[in-house]
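Encoded as structure tokens, the structure appears first; notes follow it.
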Amino acid sequence: MPVVPLKEILDSAVAGKYGVPAINVVNDLTLGSVLAGAVDARSPVIVQTSVKTVRSIGSRVLFAMWEAMTANIEVPVALHLDHCPDRAVITECLAAGWNSVLFDASHLPVEENLRQTIEVVAEARQYGAHVEGEIESITGVEDGVGSDAESARQTLEVSLDFIRRTGVDVFAPAIGNAHGVYRRAPVLDFQRVSDIVAAEPISIALHGGSGMSDDQFRDLIARGCAKVNISTALKMTYMQSTLRELRAAEAADKWDPPTLFDAVSADVRALTSTLATTFGSAGTAR
């Protein structure tokens with residue numbers, strides 16, 4: 001099954017009442033492992049790259065890795081640029097082959113955010129790509145983007161006006177969610193998702209998914225959160241698994257990098273499959 005448009009993946013999720021894991025990868029090992037985990041679970045998956053990852057690896061190398069690893073993929077997949085406030089990076093990634101981008105202009109006044117998002121949507125359409133938009137910063141810093149200060153939430157009318165005038169394909173509202181590790185259980189505004197979807201049928205992106213409970217995920221997915229972002233959980237799995245294996249290598253005084261890679265890959269692969277099961281997308285790609 002070839003790489004498919006983001007909207008196609010999310011439209012199927014909305015119709016099927018399940019969420020699709022949208023997982024931030026950091027290198028070739030995590031990319032391959034996330035894809036393998038999705039195949040194991042027979043689940044669609046959205047692979048996400050941060051601006052930091054694009055800059056550290058390079059868009060051409062990163063996209064070449066993506067092409068090679070998805071050449072004969074058996075489940076629907078899409079490549080998404082996450083939280084990008086830099087128009088030049090958006091242009092670079094669209095030209096390279098990304099088929100979805102999040103233009104994060106939430107730090108700007110709503111009208112300026114709206115004006116620039118309209119331009120980004122027009123640019124993306126030239127490549128057949130889709131756009132996610134947001135007008136409120138999600139609390140927390142992720143890969144150098146964002147702020148720990150909670151932004152003011154806009155009214156339903158402002159949110160709907162933004163969605164309709166920009167033509168974005170996915171909308172990411174702030175509902176009490178946050179990037180990073182939750183220090184306490186998040187208090188989420190479930191009704192806000194329902195209100196937006198009832199007034200404007202659009203796929204909702206749930207950011208700050210790492211650390212939410214299974215019940216919270218299921219409730220929000222049922223209300224329209226078809227795209228469920230996972231970044232911190234991937235990073236924690238990757239680094240904790242690496243640390244465990246390095247400590248074992250030190251204890252045994254055996255230094256074999258492929259053993260390390262295999263163990264870390266297995267853990268990332270298992271995480272992906274578990275997320276697909278939790279979000280209800282496992283078994284939907286047949």
Side-chain angles (χ1 to χ4, degrees), residues 1 3-24 34 37-38 41-48 75-83 98-104 121 124 129-136 138 156 159-160 162-164 166-177 179 188-210 212-231 233-234 272-286:
M1 184 176 294
V3 175
V4 300
L6 176 74
K7 194 172 186 301
E8 182 177 321
I9 290 176
L10 295 182
D11 284 350
S12 295
V14 170
K17 299 290 185 182
Y18 58 83
V20 179
I23 305 176
N24 284 58
V34 165
R42 304 305 303 171
S43 169
V45 70
I46 300 161
V47 170
Q48 303 197 141
V75 297
V77 296
L79 182 61
H80 179 76
L81 176 64
D82 194 28
H83 282 293
W98 271 248
N99 60 358
S100 175
V101 298
L102 164 53
F103 175 50
D104 186 350
V121 170
H130 293 110
V131 177
E132 178 180 337
E134 64 179 9
I135 54 176
E136 303 135 338
I138 307 299
L156 176 62
S159 298
L160 295 176
F162 179 86
I163 292 167
R164 291 164 180 164
T166 60
V168 293
D169 307 285
V170 187
F171 184 64
I175 58 169
N177 45 336
H179 292 136
L188 303 175
D189 187 351
F190 297 91
Q191 189 58 42
R192 189 168 192 224
V193 175
S194 297
D195 291 344
I196 292 171
V197 172
E200 188 65 35
I202 188 170
S203 294
I204 299 296
L206 174 61
H207 289 238
S210 299
M212 290 186 186
S213 71
D214 289 356
D215 287 342
Q216 288 173 324
F217 280 130
R218 294 186 184 111
D219 191 331
L220 289 164
I221 289 168
R223 293 170 186 264
C225 289
K227 178 175 178 282
V228 185
N229 284 25
I230 298 292
S231 178
L234 180 285
T272 304
S273 295
T274 298
L275 291 171
T277 298
T278 300
F279 301 162
S281 60
T284 62
R286 301 184 183 279

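These values consider heavy atoms only, across backbone and side chains, with no hydrogens, waters or symmetry-generated copies. Predicted model only: the values in this text are computed from it and were never measured.
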Checking side-chain contact (heavy atoms from CB on, under 4.5 Å) for the pair L220/I175: CA distance, chi angles, key distance, verdict?
-> CA-CA 10 Å; L220 289 164; I175 58 169; 3.8 Å; yes

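- Heavy-atom minimum distance, V20 versus P44: CG1-O, 3.7 Å.
- Applying the salt bridge (Lys or Arg N to Asp or Glu O under 4.0 Å) rule to pairs touching residues 272-282 yields nothing, sequence neighbours excluded.
- Aromatic ring orientation, H207 versus H83: perpendicular (interplanar angle above 60°, classes split at 30° and 60°).
- One distance of note links CD1 of I9 with CG of N99; it measures 7.5 Å at 0.5 Å rounding.
- Identified under the salt bridge (Lys or Arg N to Asp or Glu O under 4.0 Å) test for residues 9-18, with sequence neighbours left out: K7-D11.
- Interatomic distance, L188 CG to Q216 CD, rounded to the nearest 0.5 Å: 4.5 Å.
- Between the side chain of E8 and the main chain of P5, no donor-acceptor pair closer than 3.5 Å is present.
- Under the side-chain contact (heavy atoms from CB on, under 4.5 Å) criterion, A276 pairs with P21, A41, S43, S281, A282, not counting sequence neighbours.
- Between E134 and A172, the shortest heavy-atom contact is CB-O, 3.3 Å.
- Atoms CG and CG, on L206 and N229 in that order, are 7.5 Å from each other to the nearest 0.5 Å.
- What you find for V228 and C225 is that their closest heavy atoms are CG2-O, 4.0 Å.
- Expressed to the nearest 0.5 Å, how far OG1 of T272 lies from CG of L234 amounts to 7.0 Å.
- Of the options I204, D169, V170, I202, a side chain to side chain contact (heavy atoms under 4.5 Å, CB included) to L10 is made by V170 and by none of the others.
- Checked against side-chain hydrogen bond (donor to acceptor under 3.5 Å, both in side chains), H80 has the following partners two or more places apart in sequence or in another chain: S100, E132.
- Remark: F103 engages no residue in a ring pair (Phe, Tyr, Trp, His ring centres under 6.0 Å) (not counting sequence neighbours).
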Kindly indicate, with the supporting measurements, whether the criterion side-chain contact (heavy atoms from CB on, under 4.5 Å) is fulfilled by L79 and V3.
-> CA-CA 8 Å; L79 182 61; V3 175; 5.9 Å; no

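- A distance-only check finds a donor-acceptor pair linking the side chain of E136 to the backbone of A174 [under 3.5 Å].
- Just one residue in the list F190, Y18, F279 forms a ring-ring contact (aromatic ring centres under 6.0 Å, His included) with F217, and that residue is F279.
- Within the structure, side chain to side chain donor-acceptor pair (under 3.5 Å) pairs that include any residue of residues 194-205 comprise R164-E200, Q191-D195, S194-R223 (at least two apart or interchain).
- Across all non-hydrogen atoms, the minimal contact from V75 to A285 is CG1-CB, 3.8 Å.
- When every heavy atom of L160 is checked against every heavy atom of I196, the shortest pair comes out as CD2-O, 4.0 Å.
- What you find for V14 and A226 is that their closest heavy atoms are CG2-CB, 3.8 Å.
- Rounding to the nearest 0.5 Å gives a distance of 7.5 Å between CG of L81 and CH2 of W98.
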